[in-house]
Amino acid sequence: MSGDMVITMGEGTCGIAAGAPEVTKILKERFPEATFKAVGCIGMCHLEVMVEIESGGKSWLWGNVNKKNLPKIVRFHRGQGDLPEAMLIRSTDNTETERSQYLTRQTRIALRNVGELNPTSMEQFRARGGYSAFENIIKGGMTPEQVIEEVRVSSIRGRGGAGFPTAVKWGFARSAQGEPKYLVCNGDEGDPGAFMDRSLLEGDPHSVVEGMLIAAYAIGASKGYAYIRAEYPLALKHFAIALDDARQAGFLGHDILGSNFSFDIKIKEGAGAFVCGEETALLASIEGQRGMPRIRPPFPAIQGVFGKPTIINNVETLANIPWILKNGGAAYARIGTEKSRGTKVFALAGAVKRGGLVEVPMGMTIRQLLEEIGGGSASGRPLKAVQLGGPSGGCIPESLFDTIIDYDAINATGAIMGSGGMVVTDTKSCMVDLARFFLEFTQIESCGKCTFCRIGTLRMKELLTKICDGSGTLEDIDTLEELAQRVKDASLCGLGQTAPNPVLTTLKYFRDEYIAHVTEKRCPGGVCKGLITHTILQDKCTGCSICDRYCPVNAITGELKKPNTWVIDQKICINCGMCVEVCNPDAILAA
Amino acid sequence: MSKASLEATVDPEKVQGWITKIGSDSSAAVPLLQAIQSEYGYLPRKAMNLVLEGTEINASQLFGVATFYAQFRLDPVGRHMIKVCHGTACHVQGADRLNTSLRHALGIDDPKEDTAANGSYTIENVACIGCCSLAPVMLIDGEAFPNLKGADAQRHLVKHAKTKGEVLPGHTGDGDDQTDAKEK
C-alpha cells in the first residue's frame, strides 16, 4: 500500500510544539520511499500532530499522532493492521468523522491555502493560482481606481479589529499627495488569545505578499513594510523566503511584469509592544522611535511613515484581497450579513473541545461556532462566557450566545469583533479574575502618554486585585465603574479607549460575581487565591506524599503511606493549586 | 553567583558589522537593539555605547527605545531562557502554576528576581506566543512544550537541566519521574 506515498505533515508552530518533528523523523525512517511535504497549520490545533498520508489514490488524515500510537498507523499503511479509527479525522474511504466537521462547517477564503501547501514553495503557491489575481490586474490593464472599486463592491472591512472599510482607506491614500507612498502590513498581532496572523504568515505568506502588491498598486505605493512580531520566528522565516522568491520571480522590484509599477517590501520585526497595534504607534516604531500614538488628523493615509502617505492593513485583510480580485467583489459580498460581508477568522481557545483556527461566514451565531465547530465544553461543565477581541474586547455571556457574528451585533453586546481572539470559559472560571488579567495587561502595555490610561488603568487594576483578594468593598465596584468610563472617554488612542471594556462587560453581565467577592468573600468560580482554601479529603488520601513533594512552600506534612496524617498548614499555603494538579486520587479540595 | 559574572564580553567588530548591515540612521534603532540582544540575550552597556558612537542615534532615543519595548532587557540573563506564555488562554488554563513550579525548582524566592542564583536559567513571562489551543505553553531555549500542568513544567525543566549539565538550585518534586504525577 506504500507505493507512490505522499506524507503531508502539519508543521506550523502549533504542530511543531505538539511534537511534529519527532513524528516526521520516525515516519521518514519507516517510509523511506515516501515523499514528504510540510504544510502550515490547517487550524485543527486540538488534533496536532496531524499527518495526511496519500497512497494508491486514497488519502487518510490522522490526528493526535505521537510516537506511541504511530506504529498503529505504520502497520495500517503497510497492510498489516486494522484501521486505527481513534486517530482518523477523515479519509477518502470512510468519508467524514465527527472530527472532520470542524473543517466542513467552515468557509475558507483567507485561510484557503493554509495547511494545503508548503508555505516555502513558490511552485505550489503558483499551482493553486497564486499571483494570478495580481497578474490579471497588470496584464488586463486594470487601473488602480478599478481595483479600489472591486474592493469597494466586496464591502470588506479591516480585519484587524476596528472594521474600517478597506476601499475607503485606499481611496484616501490614492488621492493623497506625496512621494513615495508606503504600504504597511500589520503583522504585530498583540492580542493575547489571537493567532490568525501567525498562521497566515507562516502557512501562506505569498497570499499576504500578493495582497500587499495589489494594495500597493491600488494606492500607488512604491515601498512596503511588513511589521511582524518577533515572537513568531517561523512566520518571519517563511515570510522572508516568500519575499526572496517573489523578488526572483519578478513580482517585487522595478517595473514589475514589464509594467511601470515598482514595489518592494522590507520586514520590520516588532519588539513587543501591544500599543503598536495602534497605527500611529506602529509608524513611530518603524521610524525607530518609542511606539507612542499621536493625535489624528493628520491620518496616516495623508501623513504616515516618514511623513509620507501610508496605508496600514492587517494580515487577514490582505490575505482576502487576492481572492476578492480573482472572484470579484460581488462574490465576496454575497457572503455574510448586510453590514458585515465575507468571512472572519477566529482563534478559538479555552474551555472548548476543539480549539484552533476557524473561518466562518459572518452571520453565524456564536453558539453555532462554539458548539457545532468548537464541539462545546471540553470539561463537561456548562460554558459560561466567551471573551472576544482580547484586551480591547469584552465578555459575552452564555445567555447572548445566539448573537450573530457581525460587527454591529457584537458591538451591541459591549464586546468587539477585534482581530478575532475567542477565549471560551466554563463555570470553573472567575470573571473578576479575567477582568483583572486584562487590566494588568493593558496597564503594562499603556505607553503612558495619556494620564487616564497610564494612571487610570493602574488604579483599576489595583481595585480589581483588591476585590480578587477578598478585601474589596461595594464602593470599590462603583469607583471601578466610574473610572472605567473616564479612562474610555479621556484616552487618545484605541488602547486606552478600549482597556475598560473587559471591566465594563463583566460588570454588566457578571455583577453578581463581583458582589459575591466583596460581600460574601467568596469566589464562585473557585479561582481567586485570596478567597479559596485547600484541604485534604481524608477519605480519599492514600498518603503517597506527591503533594508534599510538589508543594512550593512546604505547607503539607504527613507520614508516608499513612493517609490520615496528611494536612495542609493554612498559614503557609499560598493556594497555588500545585497539590490539586498532582494528586492522583483527587483528594484535595479547593473551595 | 553575582549578576556581574553573567555580563557578556562585547566584540566591537560585531557591533560595527550590524551597524554596517542594518544602517546608522535613527530608524535603525530597533533592529540594531534586536541584533545585539539576539547575540547576548540582553543589551550590554558597552554594545549600546558602541551604537551611540557609530550611528546618528542619540542616547535619549536609544535608551528610550530599549526601555519602552517589552522585548528588550538591560540585565544579563541566565545560560538558558524559559519563556512562559501568559496569553489569555494560558492564563485561564493555569499558566501561573507553571511559574510557581519553575521558580520552586530554580530556587528563585524573590518575586523581583527572574534568574536562578547559579546563572543557569532565566524565567520570562511573555504576552502570547500564539499557540493558544495548546495552552498553557512554555519555551525552553526556543523549544515549545504544550498542554502543561505545573508539575509537567518542572519535569521538562529537570530533563533539560540533565541534558545540559545544569544544576537546579531549588527543590523539585522528583520531577524526572514521568510516571509519578497525575494524568488527567
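First the proteins, then the strands, lettered A, B, ... as listed; each starts at 1.
Enclosure of atom NE2 in B:His80 by more than 12 non-hydrogen atoms of other residues, nucleotides or ligands within 6.0 angstrom is indicated. The local environment of NZ in A:Lys223 is sparse, with at most 12 non-hydrogen atoms from other residues, nucleotides or ligands closer than 6.0 Å. Enclosure of atom CZ in A:Arg381 by more than 12 non-hydrogen atoms of other residues, nucleotides or ligands within 6.0 angstrom is indicated. At most 12 heavy atoms of other shown residues, nucleotides or ligands fall within 6.0 angstrom of atom NZ in A:Lys428.
Neither the backbone nor the side chain of A:Cys544 comes within contact range of chain B, judged by heavy atoms closer than 4.5 Å. Residue A:Phe274: no heavy atom, backbone or side chain, is found under 4.5 Å from chain B. Residue A:Arg354 does not touch chain B at all, counting heavy-atom pairs closer than 4.5 Å. Neither the backbone nor the side chain of A:Lys266 comes within less than 4.5 Å of any heavy atom of chain B. Residue A:Ala347: no heavy atom, backbone or side chain, is found under 4.5 Å from chain B. Both the backbone and the side chain of B:Val65 have a heavy atom closer than 4.5 Å to some heavy atom of chain A. A:Ile286 touches chain B through its backbone: at least one of N, CA, C or O sits under 4.5 Å from a heavy atom, while the side chain does not. Only the backbone of A:Ala194 comes within less than 4.5 Å of a heavy atom in chain B; its side chain stays farther off. Looking at A:Asp197, there are no atoms closer than 4.5 Å to chain B (heavy atoms on both sides), in backbone or side chain. Residue B:Ala135: no heavy atom, backbone or side chain, is found under 4.5 Å from chain A. Residue B:Ala89 touches chain A through both its backbone and its side chain, counting heavy-atom pairs closer than 4.5 Å.
For the atom pair OG1 (A:Thr13) and CD1 (B:Ile129), the distance works out to 8.0 Å, reported to the nearest 0.5 Å. Atom-to-atom distance recorded for A:Glu231:CD and B:Lys83:NZ is 7.0 Å, nearest 0.5 angstrom. Of the inter-residue distances, the one linking A:Ser285 atom OG with B:Phe68 atom CZ reads 8.0 Å to the nearest 0.5 angstrom. A distance of 12.5 Å separates NE2 in B:His86 from CZ in A:Phe441, rounded to the nearest 0.5 Å. Separating the CG atom in A:Asn554 from the NE2 atom in B:His104 is a distance of 6.0 Å, to the nearest 0.5 Å. To the nearest 0.5 Å, atom CD of residue A:Glu48 and atom OG of residue B:Ser133 are 9.5 Å apart.
No donor-acceptor pair closer than 3.5 Å links the side chain of B:Gln71 to the backbone N or O of A:Ala273. A:Arg198 places a side-chain N or O within 3.5 Å of a backbone atom of B:Gly130 that can act as its donor or acceptor partner.
Side-chain atoms of A:Ser429 and B:Val92, non-hydrogen and from C-beta on, never get closer than 4.5 Å to each other. Looking only at side-chain heavy atoms (C-beta outward), A:Leu434 and B:Thr88 come within less than 4.5 Å of each other. Between A:Phe195 and B:Cys128 there is no side-chain heavy-atom pair separated by less than 4.5 Å. For the pair A:Gln289 and B:Ser27, the minimum side-chain heavy-atom distance is 4.5 Å or more. Contact check for B:Pro31 versus A:Glu269: no side-chain heavy atoms found under the 4.5 Å cut-off.
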Open item on the list: Using side chain to side chain donor-acceptor pair (under 3.5 Å), reason through A:Tyr550 and B:Thr172 one step at a time and then give a plain yes or no.
Closed with: CA-CA 7 Å; A:Tyr550 278 100; B:Thr172 60; over 6 Å; no
- [ ] Decide yes or no on side chain to side chain contact (heavy atoms under 4.5 Å, CB included) for B:Lys149 and A:Val582, but give the supporting numbers first.
- [x] CA-CA 9 Å; B:Lys149 295 196 180 77; A:Val582 295; over 6 Å; no
- [ ] Run the numbers on A:Met578 and B:Ser101 for side chain to side chain contact (heavy atoms under 4.5 Å, CB included), then give the verdict.
- [x] CA-CA 8 Å; A:Met578 282 291 292; B:Ser101 166; 3.6 Å; yes
Task: Derivation and outcome, side chain to side chain contact (heavy atoms under 4.5 Å, CB included), residues B:Tyr69 and A:Val275 - done: CA-CA 10 Å; B:Tyr69 293 98; A:Val275 70; over 6 Å; no
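Here the closest non-hydrogen pair linking A:Gly288 and B:Val30 is CA-CG2, 4.3 Å.
The residue among A:Gly350, A:Gly291, A:Ala230 with the most heavy atom pairs within less than 4.5 Å of chain B is A:Gly291. Considering only heavy-atom pairs separated by less than 4.5 Å from chain A, the leading option among B:His91, B:Gln61, B:Glu143 is B:His91. Interface summary for chain B: among A:Ala349, A:Ala271, A:Ala17, A:Gly193, the most heavy-atom pairs under 4.5 angstrom belong to A:Ala271. For the set B:Ala144, B:Gly170, B:Gly150, the entry with the most heavy-atom pairs within less than 4.5 Å of chain A is B:Gly150. Comparing A:Gln387, A:His46, A:Glu287 by how many heavy-atom pairs each has under 4.5 Å with chain B, the most go to A:Glu287. Top candidate by heavy-atom pairs under 4.5 Å with chain A, chosen from B:Leu134, B:Asp96, B:Asn147, B:Leu139, is B:Leu134. Contacts with chain A were tallied for B:Ala127, B:Ala29, B:Gly64; B:Gly64 has the most, counting heavy-atom pairs under 4.5 Å.
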